[in-house]
2 protein chains.
Amino acid sequence: MTVTIRDVARASGVHVSTVSRSFSAPHLVNQATRDRVLAAADQLGYRPNRAARALSTGRTMNLGLIVADIANPFFPPLIKAAQGHARTHDYHVFVADTDEDPATEEELIRTLAKQVDGVLLCSPRLANDTIARLAEDVPFVVVNREIEGLPCVLMDVAQGARLALEHLRGLGHTRLAYVRGPAGSWTSEQMRAAATGVPVIGPNQPTAQGGLAAAPAVADSGATGVLAYNDLVALGLIEGLAGLGVGVPGDVSVIGVDDILPGRLNRPKLTTVAMPTPAAGRAAVDLLMDEAGASITLPTSLIVRESTGEAPR
Amino acid sequence: MTVTIRDVARASGVHVSTVSRSFSAPHLVNQATRDRVLAAADQLGYRPNRAARALSTGRTMNLGLIVADIANPFFPPLIKAAQGHARTHDYHVFVADTDEDPATEEELIRTLAKQVDGVLLCSPRLANDTIARLAEDVPFVVVNREIEGLPCVLMDVAQGARLALEHLRGLGHTRLAYVRGPAGSWTSEQMRAAATGVPVIGPNQPTAQGGLAAAPAVADSGATGVLAYNDLVALGLIEGLAGLGVGVPGDVSVIGVDDILPGRLNRPKLTTVAMPTPAAGRAAVDLLMDEAGASITLPTSLIVRESTGEAPR
DNA sequence: CTGAAAGCGCTAACAA
DNA sequence: TTGTTAGCGCTTTCAG
């Protein structure tokens with residue numbers, strides 16, 4: 001049924017090792033022989049069995065990609081880019097969703113470890129030291145969290161927050177607020193630290209629901225310019241404010257973070273701090289393949305759309 | 001470095017085959033021996049190497065999941081569900097994105113074939129007969145397209161279209177329109193067929209951009225109730241209509257299809273035909289594992305939100 | 001119930 | 001440049 005290296009060897013009258021070489025070390029085999037082998041292989045429809053190859057080389061040519069929630073619109077662009085970039089280098093990628101559960105995350109890493117050459121851990125929910133320990137079993141690249149001693153791909157959200165606040169101030173807003181994310185979020189802490197002197201509202205769930213729930217507090221605060229933890233929160237907040245009769249950007253300007261698709265489709269279109277998720281995905285794959293071990297911080301940028309405007313007077 | 005079945009055998013004083021059995025056929029080994037083996041394995045941190053196992057059993061315990069575009073919000077819920085359900089049965093899943101390109105799709109199937117026990121092909125871009133031919137290499141389940149002789153997971157979009165039209169008529173709309181999708185889309189054809197007697201506008205790109213571009217034609221048509229190919233088109237259409245001074249649902253009612261997240265966050269919240277994508281993902285995985293070979297059609301439902309209302313008079 | 005031995009498909013020294 | 005020979009880690013007859 002399935003055609004192996006042996007069938008090709010037989011068909012082209014050479015030994016299996018020559019067939020093997022024709023594929024994995026072409027320069028070590030005579031041009032003519034090689035052509036003959038390749039022709040036979042092609043004719044038989046031979047495809048090397050990657051798993052078998054992995055068993056003998058120790059390289060699987062597979063990568064693992066673990067995220068907390070595939071359906072969170074933040075991740076798909078990253079997954080897409082990572083997967084596409086990996087494929088370019090002949091890697092396949094296992095994608096797994098932890099459902100936000102640390103135990104699932106750990107189990108996933110363990111079962112995946114032997115089957116991949118490296119794991120891309122995105123916005124992990126596991127404790128730093130657990131991750132560091134697991135890193136002894138399999139090479140990691142961590143995205144969206146800084147862990148001492150591990151290669152990390154970070155996005156400069158602090159800078160993004162500064163840009164956002166600057167934009168708001170430039171528009172004449174003097175009463176600002178930061179609608180923060182969940183307690184313990186690395187990103188949220190970065191933003192909070194960057195927003196010195198700005199009143200903080202929350203913690204909040206990192207969802208539209210969380211933003212919706214924060215609306216009354218925001219309205220009460222008297223802030224006219226607000227930076228939200230992410231786009232989902234910003235979107236929920238805008239809806240909540242509308243329900244309270246507060247217009248965006250008429251009465252209050254709102255800025256999100258991430259630049260997810262729903263924000264681009266929303267009305268008003270969301271002003272946001274764009275996270276370079278595709279670039280992050282590609283960079284993480286590069287780090288995994290190079291085993292360079294370095295960390296990298298990608299710049300963010302402010303995309304001004306329709307949810308911010310002049311401060312009311 | 002890596003602990004193998006041999007290390008466990010040595011540590012527990014039995015032969016490797018006994019260790020193997022302790023894991024893959026526990027009932028064939030003496031309770032006491034087995035406990036000893038398991039204890040040793042646990043103590044050494046042994047994890048069976050799935051690739052090696054696959055090589056000798058012929059079952060990889062991996063699945064492939066191929067979609068046209070991971071970043072299209074229609075897919076993530078399906079991917080998430082498929083992956084989660086697969087994991088429940090100890091399967092891992094390779095996720096691959098074809099970038100809407102048939103050639104990439106074919107190549108992906110070929111390279112994945114040996115490494116998986118089956119492939120979940122979602123909204124394929126390949127021709128039916130090509131798929132049928134590839135199905136000789138690896139078991140398939142096709143999602144969102146009906147192919148003779150292959151197990152398919154379909155969603156009853158025709159029924160959904162009927163529900164949508166009925167809803168519109170019930171609201172008093174008499175001038176309807178169907179803003180169709182791209183030429184050659186199986187789903188679009190189903191909907192068009194279900195919308196007998198309803199004027200068709202398009203073909204259109206299946207994106208927000210496509211909907212935006214269709215807005216003038218919709219406005220000109222004089223229709224007050226429109227069913228769009230999908231939510232993205234509906235969202236773009238609503239934006240385009242707004243630009244033309246046409247309000248939704250005040251002047252025109254719009255219904256989408258899919259129930260993607262952006263539609264739920266939009267204002268007005270989109271009335272839509274919900275596609276059971278998570279259920280489809282799980283069903284496809286089940287079909288793949290059972291090798292039952294049957295096809296299945298999942299029901300759709302209408303979710304009435306804010307983009308539809310009484311016909312203007 | 002357990003051990004011995006062959007083999008899954010491929011690669012990698014080592015010879016020739 | 002090519003063939004020989006061992007494995008990679010695991011399962012699976014077949015004996016015992």
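Order of the sequence lines sets the chain letters (A, B, ...), proteins ahead of strands, with each chain counted from 1. All heavy atoms count here, side chains included; hydrogens, waters and symmetry mates do not.
- One interatomic measurement links the two molecules: CZ of B/Phe23 to P of D/dT12, which rounds to 15 Å at whole-angstrom precision.
- Note: CD1 (A/Ile5) to P (D/dG7) measures 19 Å, nearest angstrom.
- Among the nucleotides D/dC10, C/dT2, C/dG9, the one closest to the side chain of A/Thr4 is C/dG9.
- Classification of A/Glu107 and B/Arg47 as a salt-bridged pair holds, one side-chain N sitting under 4.0 Å from a carboxylate O.
- Residue B/Arg21 has its side chain nearest to D/dT13 when only D/dT13, D/dT4, D/dC8 are considered.
- Among the protein residues, B/Val19 comes within range of no part of the nucleic acid, since none of its heavy atoms lies under 4.0 Å from any strand.
- Among the nucleotides C/dA12, D/dG7, D/dG3, the one closest to any side-chain atom of A/Thr57 is C/dA12.
- Of the candidate nucleotides D/dC10, C/dC1, C/dC10, C/dC1 has the atom nearest to the side chain of B/Thr33.
- In this structure, the CG atom of A/Asn30 is 11 Å from the P atom of D/dG3, given to the nearest Å.
- Among the protein residues, A/Ser17 comes within range of the nucleic acid bases, having at least one heavy atom under 4.0 Å from a base atom.
- A/His15 has its NE2 atom 12 Å from the C1' atom of C/dT11, to the nearest Å.
- The separation between B/Arg10 atom CZ and D/dG9 atom C1' is 13 Å, rounded to whole Å.
- Nucleic acid contact class of A/Arg6 (heavy atoms, under 4.0 Å, all strands): sugar-phosphate only.
- For A/Val16 and A/Leu28, each mapped to the nucleotide of DNA chain D holding its nearest heavy atom, the one lying further toward the 5' end belongs to A/Leu28.
- Residues A/Tyr46 and A/Phe23 bring their aromatic ring centres within 6.0 Å.
- Among the protein residues, B/Ser20 comes within range of the nucleic acid bases, having at least one heavy atom under 4.0 Å from a base atom.
- For the 3.5 Å distance criterion, the side chains of B/Gln115 and A/Asn62 qualify, holding a donor opposite an acceptor.
- Atom pair B/Asp35:CG and C/dC1:P shows a separation of 13 Å (rounding to whole Å applied).
- Computed from coordinates, the B/His27 NE2 to C/dC1 P distance equals 10 Å when rounded to whole Å.
- At the phosphate of D/dG3, OP1 or OP2 sits under 4.0 Å from a side-chain N or O atom of A/Thr18.
- Ranking C/dC10, C/dT11, D/dG3 by closeness to the A/Ser24 side chain, first place goes to C/dT11.
- Atom CG in A/Leu55 sits roughly 12 Å away from atom P in C/dC10 (whole-Å rounding).
- Between A/Asp99 and A/Arg125 there is no salt bridge, since no side-chain nitrogen of the basic residue lies less than 4.0 Å from a carboxylate oxygen of the acidic one.
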